[in-house]
Amino acid sequence: MMRLVETFLENTPQLILVLYIILQREAIEPFQCFSISMSFICISWAILDYHQSLRLFLREKLKLSNLSSAIYYLWNFCLISSRILCITLFTVTFHWRIALHFLLLWLPFFVWAMLQKTSFMKHKFLETVYRATVAIILYFSWFNVADGRTIYRCIIYHLFILTDNVILVESWRNLKFPSNLDVYETHIIVTNIILMFLGLFLRLIYYKFLHPNVLSETKQYFDVPDGIKRTETDKLYLASKIGQQTNHRIQYLAWQIY
């Protein structure tokens with residue numbers, strides 16, 4: 001969980017800053033191409049690693065297959081890459097105003113998390129901090145914080161993000177200053193559209209055919225929650241022998257998330 005928080009509170013903003021500086025200077029070094037590529041890969045990998053790791057703590061949860069993991073990674077990679085590209089383009093033109101954009105979106109996302117009535121932390125103040133953190137993650141990527149079917153919440157979220165991405169790109173296209181980037185305008189827009197809709201398509205494929213619940217013929221088409229309590233009977237498979245010590249902090253976190 002902490003690695004995921006670090007990814008979206010530190011690594012992702014740093015990547016956007018690097019892209020902003022490169023586009024402003026209109027020059028890039030070969031090592032920067034490698035570094036940027038690895039950053040995109042690591043951000044998406046952190047989401048997959050988070051999802052897989054927490055499933056390992058719960059005996060009753062089915063594990064992801066290799067194919068499911070690959071598709072899960074790819075749709076996150078496409079959607080997050082598209083989102084980062086849109087934010088970067090807007091930042092290149094409007095500079096510090098991206099902070100206002102972030103605040104305008106962070107507030108409804110925070111209210112969204114509040115309305116889900118999450119119970120991830122033990123203390124009320126820390127729960128508020130957790131919800132604020134969730135709002136930051138939602139600015140970049142989907143993050144489920146409620147139990148049950150999430151199809152309608154996913155549709156609302158992705159329609160909202162799609163609309164915001166269109167606004168960001170159109171603002172950049174219509175109000176940008178002349179630069180060498182103008183030559184690649186069409187390529188940038190087309191690439192962004194392909195990434196966005198390819199990500200949505202792969203996500204649909206994952207939940208329709210490759211989700212562990214579907215593969216086990218349980219037909220439960222909903223995501224695992226990130227903020228719901230479990231009963232005492234839902235134990236973690238952390239040790240192979242009875243009586244071996246358990247990491248209670250990890251146990252508590254896993255109960256909340258699943």
Side-chain angles (χ1 to χ4, degrees), residues 2-53 66-99 101-102 105 136-143 161-162 164-203 206:
M2 294 300 100
R3 185 179 301 169
L4 186 71
V5 170
E6 179 186 6
T7 296
F8 286 104
L9 269 67
E10 181 178 346
N11 299 342
T12 304
Q14 286 179 352
L15 175 58
I16 294 174
L17 177 61
V18 170
L19 292 173
Y20 167 79
I21 294 174
I22 290 174
L23 293 177
Q24 284 291 96
R25 294 179 176 178
E26 299 184 355
I28 185 171
E29 299 295 335
F31 75 90
Q32 291 177 317
C33 294
F34 176 78
S35 177
I36 291 171
S37 300
M38 290 303 300
S39 295
F40 277 106
I41 292 173
C42 291
I43 290 172
S44 303
W45 186 266
I47 301 177
L48 175 62
D49 183 54
Y50 166 79
H51 189 68
Q52 287 181 325
S53 298
N66 291 334
L67 180 59
S68 297
S69 298
I71 299 300
Y72 188 92
Y73 171 83
L74 287 175
W75 71 255
N76 276 288
F77 177 83
C78 291
L79 293 180
I80 292 174
S81 298
S82 173
R83 182 62 175 166
I84 291 175
L85 177 59
C86 293
I87 294 173
T88 302
L89 292 176
F90 182 85
T91 307
V92 168
T93 302
F94 296 95
H95 310 295
W96 61 268
R97 293 176 181 83
I98 189 62
H101 175 264
F102 169 78
L105 266 65
I136 298 176
I137 296 176
L138 287 171
Y139 180 78
F140 299 105
S141 174
W142 165 257
F143 189 68
I161 291 297
L162 178 60
D164 184 64
N165 285 347
V166 171
I167 293 174
L168 293 178
V169 173
E170 283 298 309
S171 299
W172 164 75
R173 190 174 68 88
N174 294 319
L175 301 174
K176 68 180 184 301
F177 296 102
S179 66
N180 295 334
L181 199 62
D182 296 347
V183 180
Y184 306 100
E185 178 180 315
T186 303
H187 298 82
I188 292 173
I189 295 176
V190 171
T191 300
N192 190 40
I193 293 174
I194 291 175
L195 286 173
M196 185 69 184
F197 285 97
L198 179 59
L200 294 175
F201 174 74
L202 291 174
R203 179 167 191 173
Y206 171 81

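Please read all numbers here as calculations on a predicted model, not as lab measurements.
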Using side-chain hydrogen bond (donor to acceptor under 3.5 Å, both in side chains) as the criterion, list what pairs up with Asp164, not counting sequence neighbours.
Arg83, His101
Output for pair (Ile189 CD1, Ile193 CD1), nearest 0.5 Å, gives 7.0 Å
One should read off an interatomic distance between Trp75 CH2 and Ile80 CD1, to the nearest 0.5 angstrom, of 8.0 Å
Would Asn11 and Leu15 count as a side-chain contact (heavy atoms from CB on, under 4.5 Å) if you check the C-alpha gap in whole Å, the side-chain angles of each, and the deciding distance to 0.1 Å?
CA-CA 6 Å; Asn11 299 342; Leu15 175 58; over 6 Å; no
Show the numbers, then the answer: is there a side-chain contact (heavy atoms from CB on, under 4.5 Å) between Ile161 and Leu79?
CA-CA 10 Å; Ile161 291 297; Leu79 293 180; over 6 Å; no
Would you find more than 12 non-hydrogen atoms of other residues, nucleotides or ligands less than 6.0 Å from Phe201 atom CZ?
no
Using side-chain heavy atoms (C-beta onward) and a distance below 4.5 Å, is Phe143 in contact with Leu4?
yes
Review item, side-chain donor-acceptor pairs of residues 87-96, under 3.5 Å, at least two apart:
residue : atom : partner : partner atom : Å
Thr88   : OG1  : Ile84   : O            : 2.7
Thr91   : OG1  : Ile87   : O            : 2.7
His95   : ND1  : Tyr20   : OH           : 2.8

Could you grab the distance from atom OG of Ser53 to atom CG of Leu48, nearest 0.5 Å is fine?
8.5 Å
Salt-bridged, Glu6 to Arg3, with N to O below 4.0 Å?
no
Looking at Asn192 and Ile188, would you say the former's side chain and the latter's main chain have a donor-acceptor pair under 3.5 Å?
no
Mind listing the closest non-hydrogen atom pair of Ser141 and Ile47 along with its distance?
OG-CD1, 3.9 Å
Could you pull out the closest heavy-atom pair between Ile41 and Phe77, with the gap in Å?
N-CE1, 4.2 Å
So which atom in Arg173 and which in Lys176 form the shortest heavy-atom distance, rounded to 0.1 Å?
O-NZ, 3.2 Å
Looking only at heavy atoms, what is the nearest atom pair of Thr191 and His187, with distance?
OG1-O, 2.7 Å
How long is the span from the CG atom in Leu74 to the OG atom in Ser69, to the nearest 0.5 Å?
10.5 Å
Please check if the side chain of Ser82 supplies one atom and the backbone of Cys78 the other of a donor-acceptor pair under 3.5 Å.
no
More than 12 heavy atoms from other groups under 6.0 Å of CG on Asn174:
yes
Once you measure the plane-to-plane angle for Tyr72 and Tyr206, does it fall in the parallel (<30°), tilted (30-60°) or perpendicular (>60°) bin?
perpendicular
So CD of Glu29 and CZ of Phe34: to nearest 0.5 Å the spacing works out to 15.5 Å
Measure the CG-CZ distance between Leu105 and Phe140 for me, rounded to the nearest 0.5 Å.
10.5 Å
Test Glu185 against Trp172 for side-chain contact (heavy atoms from CB on, under 4.5 Å), laying out the working first.
CA-CA 10 Å; Glu185 178 180 315; Trp172 164 75; 3.9 Å; yes
